[in-house]
Amino acid sequence: MKYYSTNKTAPLASLAKAVTQGLAEDRGLYMPQQIKQLPQRFIDGLQEMSFQDIAFGVAEAFFGEDVEAEDLRRIVDDTLSFPCPLVEVEAGIYALELFHGPTLAFKDVGARFMARLLQYVNRSSGQTGTVNVLVATSGDTGSAVANGFLGVEGIHVFVLYPKGKVSPIQECQFTTLGRNITAIEVDGVFDDCQRLVKQAFMDNDLRRQLTLTSANSINVARFLPQAFYYFNACAQLPRQLLSQLVICVPSGNFGNLTAALFGQRMGMPVKRFIAANNANDIVFQYLKTGHYQPRPSVQTLANAMDVGDPSNFARIAEMYGSWDEVRQHISGATYSDEQIRHTMRQCYEQTGYILDPHGACGYQALKDTLQPGEVGIFCETAHPAKFKQVVDEAVGICIDIPDRLAAFMKGRKQSVSMKNNYDDFRQLLVDSGK
Ligand SMILES: *Cc1c(COP(=O)(O)O)cnc(C)c1O
């Protein structure tokens, strides 16, 4: 499979190049040249298949031309070391719980898959030097990527995060690891971190010295595997409900939603999608007005969605020809912090289900727009204990911290402080490569 850039001026890339390089030369995002339709018997047989078998079928459609079947099978099985169950919250509304992985957030799936695919690609191409993975995070990406890559030989991960804007529980998940993981605390906001990373990728002189790759959701190896759990969610619903299925994705950089849209192209039975935003409602405004206007992000309770210029929007625009077509598939929703708190409390009181602030946006969007006869799935993108303080206060409870989360909190923070300055960042990378 070849990958083209959404900006259309970069040459086609192989999978190896798309995964290693992340962003195309023209700053576009890579898209597979073809989105293969899965056979009808695969779709009809979902209910009888295991998560691993479903994921392998989906992975083959994306990567089967480039990765040996046996290796792909192993990569998929290693990635999915945990379940993604569908839990009925109330009649007709289901939570797709994506927080049962090592860092308790959905990004574990993409990050674990990418780490293994990058290692495969490197070995196949006889790469000998260190590959430097650069990742900007507003919270959960950093921990998922750092943990996904921890101890993987030949790879060094640099996690950039905005100082004071990541919850302490999130922070400890990528600052306490050490080994091949360097955490960099940037004096700025998430968009600054993302800009520093993007600038490094455009720095040809630097790239002659170091092999750089990204692990943000722009990487095809990260966002595509997220389609696995959407198919698996369909497999967990009674077949007769599928024609009325609405999938609602709490969105920040829009990688997760894009994967779901790919799933639909491949034949997954979904009626429509909802993109749920917090106050950073750039895509909501686009859906309403047809104008895409990025703006600086603002801090919210659902901080992994605090994105002012969602990178994967370019992929969504590419998938559909026009604003009208986008609107036929996706509707938007936006919630303030006050509404998020209210939703968390109300959901707990009425159903006993504990939402995290991100999932709360998804749940509320279904509550607000689900039509009679429709069934809704929203992604519970993180475990509520990752946002313990916010959740406890809003809901008036004291939630337990799962053991695997508590283990991170015992570690010692080891991060490098940095100004929001590209030259400093560059120097740090060069020094670490020596
Ligand atoms: C990253 C993240 C999101 C947003 O996902 P995108 O793919 O960037 O849209 C939502 N919720 C949580 C908990 C996240 O970590």
Side-chain angles (χ1 to χ4, degrees), residues 29 84 95-111 114 135-148 159 161 165-167 169-171 173-174 190-191 193-194 214-220 222-227 229-230 247-263 273-278 280-284 297 300-316 330 332-335 340 344 355-363 365 378-388 390-391 405:
L29 275 65
C84 298
L96 175 55
E97 292 189 348
L98 302 175
F99 55 70
H100 295 278
T103 72
L104 300 93
F106 81 88
K107 293 187 179 71
D108 281 328
V109 175
M114 182 185 163
V135 52
T137 187
S138 56
D140 282 342
T141 304
S143 49
V145 170
N147 283 275
V159 182
Y161 68 103
K165 298 200 169 55
V166 170
S167 82
I169 296 181
Q170 286 178 323
E171 192 177 1
Q173 291 180 90
F174 54 83
F190 169 70
D191 293 330
C193 298
Q194 207 166 30
S214 90
N216 282 83
S217 55
I218 56 171
N219 198 297
V220 293
R222 258 205 56 202
F223 91 93
L224 289 175
Q226 292 165 356
Y229 47 69
Y230 290 110
I247 291 183
C248 178
V249 185
S251 296
N253 255 324
F254 280 78
N256 203 9
L257 177 63
T258 305
L261 300 173
F262 269 67
F273 295 94
I274 304 173
N277 283 153
N278 57 25
N280 296 282
D281 63 351
I282 289 82
V283 171
F284 174 81
S297 61
T300 75
L301 296 178
N303 68 6
M305 290 155 51
D306 294 350
V307 180
D309 186 4
S311 16
N312 281 289
F313 180 78
R315 287 197 167 110
I316 296 177
I330 311 167
T334 173
Y335 298 102
I340 290 171
M344 289 193 290
L355 296 163
D356 93 294
H358 307 79
C361 298
Y363 169 81
F378 69 96
C379 294
E380 236 317 348
T381 48
H383 193 289
K386 294 190 86 166
F387 307 90
K388 179 172 168 53
V390 172
V391 175
L405 190 51

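Computed from a predicted structure; not experimentally measured. In listed order, ligands and their atoms are each counted from 1. Values below: every heavy atom of this structure, side chains too, minus hydrogens, waters and symmetry copies.
- In terms of N/O distances under 3.5 Å, ligand 1 is not approached by Ala304.
- Protein heavy atom at the shortest distance from atom 4 (C) of ligand 1 is Gly252 N, 3.5 Å.
- Under a 3.5 Å cut-off, the side chain of Asn278 and the backbone N or O of Ala302 do form a donor-acceptor pair.
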Step by step, work out the side-chain contact (heavy atoms from CB on, under 4.5 Å) result for Asn256 and Tyr229.
CA-CA 10 Å; Asn256 203 9; Tyr229 47 69; 2.7 Å; yes

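- Looking at Phe223 against ligand 1, nothing comes within 4.0 Å, counting heavy atoms.
- Side-chain contact between Val145 and Val159: absent, with no pair of heavy atoms (C-beta onward) separated by less than 4.5 Å.
- With Met305 as the partner, the side chain to side chain contact (heavy atoms under 4.5 Å, CB included) test is satisfied by one option alone out of Ser251, Pro250, Pro310: Pro250.
- Within the listing of ligand 1, atoms 6 (P), 7 (O), 9 (O) sit less than 4.0 angstrom from a heavy atom of Gly255.
- Between His358 and Phe387, the ring planes are tilted. Angles from 30° to 60° get that label.
- Asn253 N, 2.8 Å is the protein heavy atom nearest to atom 8 (O) of ligand 1.
- Atoms CG and CE, on Leu224 and Met114 in that order, are 12.0 Å from each other to the nearest 0.5 Å.
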Would you sort out whether Thr137 and Gln170 count as a side-chain contact (heavy atoms from CB on, under 4.5 Å), showing the intermediate values?
CA-CA 10 Å; Thr137 187; Gln170 286 178 323; over 6 Å; no

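- Protein heavy atom nearest atom 11 (N) of ligand 1, with residue, atom name and distance: Thr381 OG1, 2.8 Å.
- When only non-hydrogen protein atoms are considered, atom 5 (O) of ligand 1 lies nearest to Phe106 CZ, 3.3 Å.
- Considering backbone and side-chain N/O atoms, Met305 never comes within less than 3.5 Å of an N/O atom of ligand 1.
- The distance criterion of under 3.5 Å between nitrogen or oxygen atoms is met by Lys107 with respect to ligand 1.
- Protein heavy atom nearest atom 7 (O) of ligand 1, with residue, atom name and distance: Asn256 N, 2.9 Å.
- Interface atoms of ligand 1 facing Ser251, defined by a heavy-atom separation under 4.0 Å, are 9 (O).
- Contacts between Pro250 and ligand 1 below 4.0 angstrom, taking non-hydrogen atoms only, involve the backbone exclusively.
- Considering both main-chain and side-chain atoms, Ala382 never comes within under 3.5 Å of ligand 1 through any nitrogen or oxygen pair.
- Each of Pro357, Ser167, Cys361 was evaluated against Leu301; a single residue qualifies, Pro357, per the side chain to side chain contact (heavy atoms under 4.5 Å, CB included) test.
- An N or O contact shorter than 3.5 Å is missing between Thr141 and ligand 1 by distance.
- For Phe254 and Phe313, the ring centers are positioned 6.0 Å apart or more.
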